[in-house]
Amino acid sequence: MSRRSRDSSILLENRKARFLYFLSDFLTAGLVLTGTEIKSLRARNASLADSYVYIKNGEAYIANMHIAPYKDGTVYNVDHLRDRKLLLTKQEIRKLDAHLKGSSTTCVPTKVFLKNGYAKVEIALAKGKQAHDKRDAIKKRDDERSIKAAEKEGRKYD
């Protein structure tokens with residue numbers, strides 16, 4: 001595998017976020033990790049379930065992102081659920097903070113990927129879906145699936 005394809009790979013995706021929230025205003029942020037965390041992340045031993053982004057003292061952090069301890073890490077492993085700092089510009093943090101204060105939106109990570117050897121996280125502003133919105137999403141997904149299956153069957157007999 002070439003270095004370019006390895007470095008641009010998506011390590012994690014938060015598919016549940018697309019189902020639970022309406023997502024908008026996507027941003028890419030750097031992720032501050034220790035040496036053993038990046039090794040564990042490259043081995044895809046992590047999860048974005050129930051994670052979210054918050055602003056504290058003018059800095060952005062990601063909470064509840066689980067990165068399993070590296071199996072060969074010994075004493076250098078850190079807490080697997082610790083809050084990790086996100087690398088964003090001051091303008092991006094101010095914009096994010098303005099959206100999060102006083103509204104019914106939250107900020108969730110959608111992807112973790114490697115870019116030029118560095119771990120990056122894609123975050124998005126999220127507004128919760130109602131039950132009927134979720135049912136609509138399920139119906140739309142099932143319809144698309146059945147249409148693709150019908151197209152595939154049609155091509156097979158031509």
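The shown structure was predicted, so the numbers you read here are calculated from the model rather than taken from an experiment.
Here Glu37 pairs with Arg82 in a salt bridge; the nearest charged N to carboxylate O distance falls below 4.0 Å. At a threshold of 4.0 Å, the pair Asp136-Lys140 does not count as salt-bridged, since none of the basic side-chain nitrogens sits closer than that to a carboxylate oxygen.
Side-chain atoms of Thr110 come within 3.5 Å of backbone atoms of Glu122 as a donor-acceptor pair (strictly under, hydrogens ignored). Judged purely by atom type and a 3.5 angstrom limit, Ser24 has no side-chain atom pairing as donor or acceptor with the backbone of Ala126. No donor-acceptor pair under 3.5 Å is formed between the side chain of Ser9 and the backbone N or O of Leu11. Proximity of a side-chain donor or acceptor of Arg84 to a complementary backbone N or O of Leu33 within less than 3.5 Å is not detected. Panel note: side chain Glu92, backbone Thr89; a donor-acceptor pair is recorded below 3.5 Å.
Heavy-atom contacts from other residues, nucleotides or ligands closer than 6.0 Å to NZ of Lys129 number more than 12. Within a 6.0 Å radius of NZ in Lys120, more than 12 heavy atoms belonging to other residues, nucleotides or ligands are found. Few gaps surround CG on Asp83; more than 12 heavy atoms of other groups in view lie less than 6.0 Å from it. Remark: Lys127 NZ is loosely packed, at most 12 non-hydrogen atoms of other residues, nucleotides or ligands lying under 6.0 Å away.
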Decide salt bridge (Lys or Arg N to Asp or Glu O under 4.0 Å) for Arg145 and Asp142; before the verdict, give the C-alpha distance in whole Å, the side-chain angles of both, and the deciding distance to 0.1 Å. CA-CA 5 Å; Arg145 196 176 291 151; Asp142 290 344; 3.7 Å; yes

Please report the C-alpha distance between Leu96 and Ile123 in whole Å, then the side-chain angles of each, then the deciding distance to 0.1 Å, and finally whether the side chain to side chain contact (heavy atoms under 4.5 Å, CB included) criterion is met. CA-CA 10 Å; Leu96 198 59; Ile123 59 175; 4.1 Å; yes

Given side chain to side chain contact (heavy atoms under 4.5 Å, CB included), test Val108 with Tyr21 step by step and report yes or no. CA-CA 9 Å; Val108 294; Tyr21 304 106; 4.0 Å; yes

Assess the residue pair Leu48 and Val112 against the criterion (side chain to side chain contact (heavy atoms under 4.5 Å, CB included)); give the C-alpha distance rounded to whole Å, side-chain angles, the decisive distance to 0.1 Å, and a yes or no. CA-CA 9 Å; Leu48 290 175; Val112 176; 3.9 Å; yes

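Nearest heavy atom pair, residue Ser51 against residue Pro109, reads OG-CG, 3.1 Å.
Here the NZ-CG distance, from Lys111 to Leu12, works out to 12.0 Å after rounding to the nearest 0.5 Å. The CD atom of Glu59 sits 7.0 Å away from the CG atom of Asn57 when rounded to the nearest 0.5 Å. The structure places CG of Asn64 at 6.5 Å from CG of Asp50, a figure rounded to the nearest 0.5 Å. Between Thr28 atom OG1 and Leu86 atom CG the span is 11.0 Å, to the nearest 0.5 Å.
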